[in-house]
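See below for the structure under consideration.
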Protein chains: 2
Amino acid sequence: MSSKELIYQAAAKLFKEKGYAATSMRELALQVGIEASSLYNHIKSKEEILQEICLRNAGKFTDGMKIIQENSNLNALQKLESIIRLHVQIASDDISSVTVFNDEWKHLKEPALSDFLKLRIQYEQSVKSIIQEGIEKELLKKVDIEVALFSFLTSLRWIHYKFAKGRISSDRLTENLKNILIFGLAKS
Amino acid sequence: MSSKELIYQAAAKLFKEKGYAATSMRELALQVGIEASSLYNHIKSKEEILQEICLRNAGKFTDGMKIIQENSNLNALQKLESIIRLHVQIASDDISSVTVFNDEWKHLKEPALSDFLKLRIQYEQSVKSIIQEGIEKELLKKVDIEVALFSFLTSLRWIHYKFAKGRISSDRLTENLKNILIFGLAKS
DNA sequence: GTCTATATAAGGATAGAC
DNA sequence: GTCTATCCTTATATAGAC
C-alpha cells in the first residue's frame, strides 16, 4: 500500500475515534510512524484527507444506488432490501472510513462541502423516490415519506457500530435489518 | 435567565453546529456578547459546559425511562411507543442540547466520560429488556435483539433533524415513528 | 522521503484594573 | 461582572539540510 493510502487509513481511524477537529497532525504522524512534517510529502493538508475520505465513500453509495436503480426487475421492497445490503457491505468494507463520512463531513470547507451535500441530497432523493413508488404501488403503508426516509437511512447510518463488535455476519445483519426496518418489530 | 444558562444555551447551539472541538471560547463569548475571559466568571472551563449539557440530557432520558418502567399497565408495545414519545418530547424541548448530548459526548474527559457511558449503557439495557419482554410475550418478532435495539434507538437519535425543519408536529411525528419502527414500512 | 527547526496562528485560561 | 493584556500550549504548515 502507498504511503498516501496508509495515511488515509490511519487518519480514518483517528478521525473516527477522536473526531476530525480533535485529531492533530502530530498524532496522525505518530500513528503512521513518521514526523508530522513528513506527512506533507504525501498529502497537501489535513483538510485534503477529510475530503478524500468523504468523497470516496460518497462515490461508493452513489455507484451502488445507480446499480439498484438500473435493475428494473426489482420492486420497491426489493430495492429497499438492496439498499440495506449496500449499506451493510460498505460498512463492513471499511468501518472507520464510513464513520468519518457519516460523522465528520461538516468539517469540510467550501467548495468541497457543497459538492458533498449535493451528492447526499441526491442520494436521499433516490431513496425517497423508491419509498414513494412503494406507497403508490401499495407495497408500503401511507406513512410520512420524510419520516420514513430519515428513520430508514439513520438506522443504516449506524450499522458500523454493530460491526465494530463483530458479533454478527453481513448476511444475518442484512436479513435482520430487512425484517425490522421493512416489516417492523411487531409480530403480525 | 441567568448568565450561566445563557452561556449553556449559546454553547449548545455552537457545539451542535460546529462540533465541540471546533468551537472556540472566543466564538462562544462573541455569541453571548461578552469577552472570552468574562465567560470564566460564570463557568469553570469549556469541558464543564459539555459535562453539564450531557449530564442534563442523560437525566431527562433516565427520568423518562423510570416513569415508563414503573407503569405496569403497559405492555412491551406500549412501552416502546412511550419511549418514542419520550425521545420526541426531549428533542422538541431543546434540539441543540440533545444533539450535543448525542454527538459530542466522546469529548468528555474522565471521570465524566465513564459516568456518562454508565448511564447510557443502563438506558440501552432498559430498552433491551423491554424488547426482550416483547419477544417472550410474543408481541414482537424473534429478531436479533441487539440489531433491534440499535436500529430503534438510532432512528430516534436523529429525530431532531426533522424538528429543525419544523415540518411536522410532535404528535404526528410520534404516530409516524410508531407506525414505521414498530409495525414496519411494508403494507400488511 | 525523512528529518530538525521554525514560522505563524489560534486555542484555553488567568491576572489584575475598573 | 466585564474589560484589556497576556501566559502558555498546541495547532497546521513550511524551509531547508540530508
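The sequence lines fix the lettering, A, B, ..., with proteins before strands; numbering per chain opens at 1. Keep in mind that what you see is a predicted model, and the values were worked out from it rather than measured.
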**OP:** Please state how far atom CD1 in Ile49(B) lies from atom C1' in dG12(C), giving the value in whole angstrom units.
**Re:** 11 Å
**OP:** Write down the distance between NE2 (His42(A)) and C1' (dC3(C)), rounded to a whole number of angstrom.
**Re:** 12 Å
Subject >> Ser188(B) side chain to Ser188(A) side chain, donor-acceptor N/O pair below 3.5 angstrom >> reply: no
Subject >> Ion pair check, Glu136(B) and Lys187(A), cut-off under 4.0 Å >> reply: no
**OP:** Calculate the interatomic distance between Ile34(A) atom CD1 and dT12(D) atom P; express it in whole Å.
**Re:** 14 Å
Subject >> Nearest-0.5 Å distance that lies between atom CZ in Phe15(A) and atom OG in Ser97(A) >> reply: 11.5 Å
Original post:
Are Ser38(A) and dC3(C) close enough that a side-chain N or O sits under 4.0 Å from OP1 or OP2?
Top reply: yes
**OP:** May I ask you to decide whether Lys178(A) forms a salt bridge with Glu175(A), counting only side-chain N to carboxylate O separations under 4.0 Å?
**Re:** yes
Subject >> Length of the line joining Glu35(A):CD and dA13(D):P, which is rounded to integer Å >> reply: 17 Å
**OP:** For Leu30(A) and dA11(D), give me the distance from atom CG to atom P, rounded to whole Å.
**Re:** 12 Å
**OP:** Check each of Lys13(A), Lys18(A), Lys46(A) against Glu27(A) using the salt bridge (Lys or Arg N to Asp or Glu O under 4.0 Å) test, and report the only one that passes.
**Re:** Lys18(A)
Subject >> Atom pair distance, as rounded to whole Å: CD1 in Ile7(B) and C1' in dG1(D) >> reply: 11 Å
Original post:
Rounded to whole angstroms, how far apart are NZ on Lys46(A) and C1' on dT14(D)?
Top reply: 17 Å
Subject >> Touch class at under 4.0 angstrom, heavy-atom based, for Ser45(B) against every strand present >> reply: sugar-phosphate
Subject >> Strand-adjacent residues in residues 16-27 of chain B, judged by heavy atoms under 4.0 Å from DNA chain C >> reply: Thr23(B), Ser24(B), Met25(B), Arg26(B)
Original post:
In terms of hydrophobic clustering (I, L, V, M, F, W, Y; side-chain heavy atoms under 4.5 Å; direct or indirect links), are Ile121(B) and Phe61(B) co-clustered?
Top reply: no
Original post:
Taking OP1 and OP2 of dT14(C), is either one under 4.0 Å from a side-chain nitrogen or oxygen of Tyr40(B)?
Top reply: no
Subject >> d(CD1, Ile43(B); P, dA13(C)) in whole Å >> reply: 7 Å
Subject >> Face-on cation placement of Lys141(A) at Phe183(B) ring, 6.0 Å and 45° thresholds >> reply: no
